[in-house]
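Below: the structure, in structure tokens.
All ligand and atom numbering here is 1-based and tracks the order in the structure.
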Amino acid sequence: MSLSQYLIEEQLKLPYATGDFTALMSHLVYAAKIVSREVRKAGLLDHVLGVTSSTNIQGETVMKLDEYADTLITNAMKICGHLCVMASEEHENIIEIPTGYNIGKYTFAFDPLDGSSNIDSNVSIGTIFSIHLRKTQAGKKGTEEDLLQKGSLQRCAGYILYGSSTMMVLTMGNGVVGFTLDPSCGEFLLSNPDIKFPDSGNIYSVNEGNYNFWSDEMKSYIRHIKHLETSSGPKTLRYIGSLVADFHRNLLKGGIFLYPEDAKSEKYPNGKLRMLYEASPMAFIAEQAGGMAVNVKGEKILDLIPGSLHERTTLVTGSRKEVEEFLKFIKK
Ligand code: AHG
Ligand code: MN
Ligand code: MN
């Protein structure tokens, strides 16, 4: 079954569905295919590798592919007719729907290219997206208020992973499904019909180079999981530095991903990952797959409302037993 067929089938199950969401998604699928096509030409085309002369609102270097993916996805989505407002990692403010285009009932927040430090070394990268129903009055352009909603209210969240193959993994609140792009027919085909986090797993993924900046609780948790006497034995460290790729591997194999705050540095006092378009969509997928997603205080990511478009958070996500072990540990 192709992703387009799947979306139509899901729509038909809902008697009151209008088809707006299915139409919105077809624009996203189109954009994902084009970004994937360009990623696959890295090393051959000028606009794929290297940095631009700009830094984004968060002071990070913007890679050429960040800019390309952002422009492509923004342009494909803003004219789809079913969105009222958008937000992207690469835009300081909300992205309005241009005058003259239909204003819809959904919001769209996205990280156009996740893991951009990996682009130039041919390592897996991704795109993350999150969709909510608007809060403000229908028919008018949407506002920041429409975007700053609780994670648990997401209508859909997903990611596209540009790995050894290109995959789209998504949830609409009824489990998690995965589609793999078949380059020979240009379609995303259902490859993972019901993705579940293994209940436990021995992978841990964290940037351990930041160890000296961590809180004492975080340090002792990491020391703890390396001990032979823990339930699952010493864990295996796997860290790519692309959230999408690290999360996806752990989703299939079982384990835990952590991005804590750098308590002892000025760099990321509240964690590095952005709530709206990184942590929140990944948390929705994690919970729908039977896993968990919390911050280092133990609060569920999906219960939190971002205060601003680019608010950062700490993130601990993965197999249920592993996150529970982390929680028990920080409460000690
Ligand atoms: P982005 O490329 O969209 O800015 O996100 C990078 C993020 C995330 O993908 C990854 O988990 C994390 O940064 C890696 O950070 P470190 O290099 O600090 O480990
Ligand atoms: Mn990112
Ligand atoms: Mn990014």
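- Note on ligand 1: Ile125 sits outside its first shell, no heavy atom being nearer than 4.0 Å.
- Ring geometry, His227 versus His224: the interplanar angle exceeds 60°, so the pair is classed perpendicular (tilted spans 30 to 60°).
- Taking each of Tyr268, Tyr259, Phe257, Phe247 in turn, the one with a heavy atom nearest to atom 18 (O) of ligand 1 proves to be Tyr259.
- Atoms of ligand 1 found under 4.0 Å from any heavy atom of Leu113 (numbered from 1 in listed order, with element): 2 (O), 3 (O).
- The closest approach of Asp114 to the Mn ion (ligand 2), by N/O/S atoms, is made by OD1.
- Using a non-hydrogen distance threshold of 4.0 Å, Gly241 registers as a contact of ligand 1.
- Proximity annotation for atom 16 (P) of ligand 1: of Asp262, Asn207, Ile240, Val244, Asn207 comes nearest, heavy atoms only.
- Side chain to side chain, Thr99 and Lys141 meet the donor-acceptor criterion of an N or O pair below 3.5 Å.
- Heavy atoms of Ser242 found under 4.0 angstrom from ligand 1 belong exclusively to the backbone.
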Could you walk me through whether Met168 and Val29 satisfy the side-chain contact (heavy atoms from CB on, under 4.5 Å) test, starting with their C-alpha distance in whole Å, then the side-chain angles of each, then the deciding distance to 0.1 Å, before giving a yes or no? CA-CA 9 Å; Met168 188 183 292; Val29 170; 4.2 Å; yes
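- With hydrogens and angles left out, the side-chain atoms of Tyr211 and Arg223 include a donor and acceptor closer than 3.5 Å.
- Shown in contact with Leu243 at under 4.0 Å from a heavy atom are these atoms of ligand 1, numbered in order with element: 8 (C), 9 (O), 10 (C), 11 (O).
- Close approach of ligand 1 to Asp111 (heavy-atom distance below 4.0 Å) involves ligand atoms 3 (O).
- A donor-acceptor pair shorter than 3.5 Å cannot be found between the side chains of Thr314 and Tyr268.
- Here the protein heavy atom with the shortest distance to atom 17 (O) of ligand 1 is Lys272 NZ, 3.8 Å.
- Among protein heavy atoms, the minimum distance from atom 9 (O) of ligand 1 is reached at Asp114 OD1, 2.7 Å.
- Taking every non-hydrogen atom of Glu278 and a distance limit under 4.0 Å, the qualifying atoms of ligand 1 come out as 3 (O), 5 (O).
- The closest approach of Asp111 to the Mn ion (ligand 3), by N/O/S atoms, is made by OD1.
- With respect to atom 1 (P) of ligand 1, the closest heavy atom belonging to the protein is Gly115 N, 3.7 Å.
- Taking the N/O/S atoms of Glu278 in turn, the shortest distance to the Mn ion (ligand 2) belongs to OE2.
- Taking the six-membered ring for Trp and thresholds of 30 and 60 degrees, Phe257 and Tyr239 have nearly parallel ring planes, at less than 30 degrees apart.
- Heavy-atom distances between Arg274 and ligand 1 reach below 4.0 Å in at least one pair.
- Under the 4.5 Å side-chain heavy-atom criterion for ILVMFWY residues, no single connected hydrophobic cluster contains both Met275 and Leu309.
- The two residues Pro281 and Phe129 have their closest heavy-atom pair at CB-O, 3.4 Å.
- Every N/O-N/O distance between Ser117 and ligand 1 stays at or above 3.5 Å.
- Here the rule is salt bridge (charged side-chain N to carboxylate O under 4.0 Å, His left out) with Glu324, and of Lys328, Arg320, Lys321 only Arg320 fits it.
- Proximity of Asn210 to ligand 1 is not established, as no heavy-atom distance is less than 4.0 Å.
- Atom 19 (O) of ligand 1 has as its closest protein heavy atom Tyr239 OH, 2.5 Å.
- Between the Mn ion (ligand 3) and Gly115 there is no N/O/S contact shorter than 2.8 Å.
- Taking only nitrogen or oxygen atoms, main chain and side chain alike, Leu273 does not reach within less than 3.5 Å of ligand 1.
- Using cut-offs of 30° and 60° on the angle between ring planes, the pair His248 and Tyr159 is perpendicular.
- Vertex the Mn ion (ligand 3); arms to Glu89 atom OE1 and Leu113 atom O; angle 170° (nearest 10°).
- Ion pairing of Lys13 with Glu10 is present here, as a side-chain N (NZ or NE/NH1/NH2) and a carboxylate O approach within less than 4.0 Å.
- Checked options Asn295, Val294, Leu273; the residue passing with Leu315 is Leu273 (criterion: side-chain contact (heavy atoms from CB on, under 4.5 Å)).
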Check the pair Val296 / Ser215 against side-chain contact (heavy atoms from CB on, under 4.5 Å), numbers first and verdict last. CA-CA 10 Å; Val296 292; Ser215 66; over 6 Å; no
